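Written out below as structure tokens is the structure these notes cover.
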Amino acid sequence: MHSFGYRLNALLTFAVTILALMCAIASLSDNFNTPSPSAEIQITNINWFQKQPQGNDEVSLTMNISADLQSLFTWNTKQVFIFVAAEYETPKNSLNQVSLWDAIIPAKEHAKFWIHTSNKYRFVDQGNNLRGKEFNLTLHWHVMPKTGKMFADKIVMTGYSLPEEYR
Amino acid sequence: MGLFNYILLLYEPQRRAGIIMLMDWQGQKFVEQIMQISLLVFAVIALVAGYVLGSFHLMMLVYAGGVTLTTLITVPNWPFFNRNPLNWLDPNEVEKHHKPQVAVSLKKKATQK
């Protein structure tokens, strides 16, 4: 502590080390949060359902997505990334997951929402297995923190199915 | 900028005397304790304030303020850190007691080895 430069260095180093500890504690505090999210998806319309020239099935659908994800937000949350995936089984793959729509929720106020939208990304199969296929729609979320650990979870909604014939 | 100039002024008597007056040992020990405790206390205050009010931004602001305040208190060579100065030999006294003269050639030979 014998000179200006020495003291300044010691102070800044200690201050930054403590800052790292504070960020770790902030991240740990996220574990005390018990979220209670809810979501519901309705398929209002199958717009079209065709077999592409390459031989893969493709379907376009319109959904009502409503959710209340406000309880996911903590003081250490930067944003929540959500996406809707269609999940189904085929002879070739035990699990197919196709992402249909996603969004970034930047703040708690925007976390309770209702949206009427067609699928943002194409729902294409590896093959032509979609006729009459039963599938789940799963809402996944990633709670992205300001510092520390990211939490991810999902809600699985079952009972959706595609038409027996192409349209 | 005025504050910076004031801090520089603290070193003016030393600059004029041509010496560097550092903190005395008591002062250094004191300053180290103040620095560590102050930073820790501000960290705790910032964490609690941020968590309770639900604002990460607030925690950062409180802590940044605490670091700045601690810097102002502990880093410059304030006078009250120099209450027990070590009394080095006054420059006037040096003239009265000449250092023993070592022959220049002898010194050169010794250092060349």
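Not measured: the values here are computed from a predicted model. Quick note: numbers below take in every heavy atom, side chains included, and nothing from hydrogens, waters or symmetry partners. Order of the sequence lines fixes the chain letters, A, B, ..., with proteins taken first and strands second; residue numbering starts at 1 for each chain.
- Across every non-hydrogen atom of A:Glu134 and A:Tyr88, the tightest pair is O-CB, 3.7 Å.
- With sequence neighbours excluded, the residues satisfying side-chain contact (heavy atoms from CB on, under 4.5 Å) with A:Ala107 are A:Glu109, A:His110.
- Around the NZ atom of A:Lys112, the shell of radius 6.0 Å holds no more than 12 heavy atoms that belong to other residues, nucleotides or ligands.
- When only modelled atom types and interatomic distance are considered, A:Thr62 and A:Asn47 share a side-chain donor-acceptor pair under 3.5 Å.
- Aromatic ring orientation, A:Phe81 versus A:Phe83: tilted (interplanar angle from 30° to 60°).
- Neither the backbone nor the side chain of A:Leu21 comes within contact range of chain B; no heavy atom of the residue lies under 4.5 Å from a heavy atom of that chain.
- Contacts of B:Phe56 with chain A are made by both backbone and side-chain atoms, with heavy-atom separations under 4.5 Å.
- For A:Trp75 and B:Tyr51, the gap between ring centers is short of 6.0 Å.
- Both the backbone and the side chain of B:Leu40 come within contact range of chain A, with heavy atoms under 4.5 Å apart.
- Heavy atoms from other residues, nucleotides or ligands lying under 6.0 Å from CZ of A:Phe113 number more than 12.
- Looking at B:Thr71, the atoms closer than 4.5 Å to chain A (heavy atoms on both sides) sit in the backbone and in the side chain alike.
- Scanning residues 143-153 of chain A against chain B with a 4.5 Å non-hydrogen threshold yields A:Lys146, A:Thr147, sorted by number.
- Two different hydrophobic clusters hold B:Val62 and B:Met35 under the rule that ILVMFWY side chains link at heavy-atom gaps under 4.5 Å.
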